[in-house]
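Report on the structure given below.
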Amino acid sequence: MLKKTLSINGMEKRVVVDPKVSLASVLRKQMFLTGTKVGCGKGECGACTVILNGKAVRSCSLKMKEVPDEAQVITIEGVGTAASLHPLQLAWLIHGTEQGSFSVPGFIMSAKAMLDQNADPTKEEVSKWFLGNRTICSFDDEASAVDAVLDAARLMRGEATAEELWSKLKGKINKASSGWPDSSAVAKATGSWDFGPDLGLKLPESTLYMKLVQAEVSHGNILAVDTSEAEAMPGVYKIITCRDVPGTNRISGSGRTILADKKILQPKEAIAVILAFKPGLAEEAAKKVKVKIEALPGSDAAKEKEHLSIEPEAGFAYLTEKGKLMIHTGNADSPIHELAEGIGITPEKLTIVPNPSAGADKCQSTPAIEGLLGVAALVAKRPVYLNSEEV
């Protein structure tokens, strides 16, 4: 373990950490600074950007052993608040660019690092910065994002006022009756809006972490599933397959299978669910499950769908004291009665709660994610949490 002293948003913090854990993990899980988002988990999308010793860095791929002792770290929480917005946050809201809300904190942090170095950039320099840092990866309107940065720079130089910008862009924005953005837009720009992965960090200690064993082909026959090696791993609570599903294992109406039984009919179909006490352990156990599949004609390797967004898929489920099943997920499209029959519960005992989503940033859902969460919570009788990009 490492002991480090860091200055985080101007406050001295002493932390004891695993050298291999990421800076993003420390910020989110130990410092509870969930404004730093984790999208791809590989340092590619930019959602996790923070400023380290004056430079924009990808905190999800930066290991703590690489972070200098007494380093100065600035996160979105240290930039501005709802009561005192930074010019970048204000300009962002005025231009309506909060549409890509999951990645907004990382974008603002990248922009701040640039403006700290160059207070009077040209449009070309802003575009070049974001291209070089691969910051704009999920926005449909790059021009408005660049304009927001340029207007923020004008505000910071004292060449414009907020009132002037509001007036200039009055016809282009959707403002509340008070003349200011709604509270959710402000929360997203300041990093205080909780998405699914942020809510997952607030679950009780008894929560089990889920990982899926998914098919590598899009069409085939399942010949064998061997979970014995994974089940023997210390810390693995249970491995769920189609045999463990209390209900019909089908979401009627859609025709979807919750856990594949005999055939694979769609890409990335879930074959087993790993439940473990730690996310890393669940992931390791998933790799130990041996699946033998006979590929059928027309079967291609099950590739990830084009990642149109960087918001990771996350959800959780739990049973209340009265035995009601609560499923929180970004995919709440399944009718209650169809889902209830599949997972083995009566409709009146089931509630689906949509997680706050980034809207335009919303990712493609794993097939039957709400069913997988429901089955896991019913079988384990404990809270369960699934995050596709857990760090």
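Since the model is a prediction, treat every value here as computed from it, not as a measurement. Heads up: numbering here begins at 1 and tracks the sequence.
Counting non-hydrogen atoms of other residues, nucleotides and ligands closer than 6.0 Å to CE of M1 gives a total above 12. Residue K4 places its NZ atom among more than 12 non-hydrogen atoms of other residues, nucleotides or ligands, all under 6.0 Å distant.
At distances below 3.5 Å, at least one donor-acceptor pair connects side-chain atoms of N53 with backbone N or O atoms of Q72. Between the side chain of R382 and the backbone N or O of L208 there is no donor-acceptor pair closer than 3.5 Å. Checked by atom type and distance alone, the side chain of S59 never pairs as donor or acceptor with a backbone atom of L23 at under 3.5 Å. The backbone N or O of A230 lies less than 3.5 Å from no partner atom in the side chain of T227, so there is not a single donor-acceptor pair. The main-chain N or O of P335 is never found under 3.5 Å from a side-chain atom of E338 such that the two would form a donor-acceptor pair. For K13 (side chain) and M31 (main-chain N/O), no donor-acceptor pair under 3.5 Å exists by modelled atom type. With N355 contributing its side chain and F195 its backbone, the two residues share no donor-acceptor pair below 3.5 Å. Between the side chain of D151 and the main chain of A148, no donor-acceptor pair closer than 3.5 Å is present. The closest donor-acceptor contact from the side chain of T207 to the backbone of P204 lies under 3.5 Å. Formation of a donor-acceptor pair under 3.5 Å by the Q89 side chain with backbone atoms of A189 is found in this model.
Considering all non-hydrogen atoms of both residues, V146 and S127 come closest at CG2-OG, 3.7 Å. Taking both residues in full, the closest heavy atoms of C60 and C48 are given as N-SG, 3.3 Å, listed atom of the first, atom of the second, then distance. Closest of all the heavy-atom pairs between C242 and L259 is CB-O, 3.7 Å. Closest non-hydrogen pair, I274 versus A285, comes out as CG2-CB, 3.7 Å.
Linking Ile, Leu, Val, Met, Phe, Trp and Tyr whenever their side-chain heavy atoms come within less than 4.5 Å puts V353 and L199 in one cluster.
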Pair R256, E370 - check salt bridge (Lys or Arg N to Asp or Glu O under 4.0 Å), show working.
CA-CA 12 Å; R256 289 184 297 171; E370 64 277 23; 3.0 Å; yes

- Hey, mind stepping through K128 and E125 against salt bridge (Lys or Arg N to Asp or Glu O under 4.0 Å) and telling me if it holds? CA-CA 5 Å; K128 184 177 180 180; E125 287 173 330; over 6 Å; no

Could you please spell out the steps behind the side-chain contact (heavy atoms from CB on, under 4.5 Å) verdict for K349 and L325?
CA-CA 6 Å; K349 286 283 191 178; L325 176 62; 5.9 Å; no

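Under a 4.0 Å N-O distance rule, the pair K123/D147 qualifies as a salt bridge. Between D198 and K37, at least one side-chain N (NZ, or NE/NH1/NH2) sits under 4.0 Å from a carboxylate O, which counts as a salt bridge.
Between H328 and F316, the angle of the ring planes stays under 30°, which puts this pair in the parallel group of the 30/60° scheme.
L150 has its side chain out of reach of H95: every pair of non-hydrogen atoms, C-beta onward, lies at least 4.5 Å apart. I327 is listed as a side-chain neighbour of L339, based on a closest heavy-atom distance under 4.5 Å. Between P246 and I345 the shortest side-chain heavy-atom distance does not fall below 4.5 Å.
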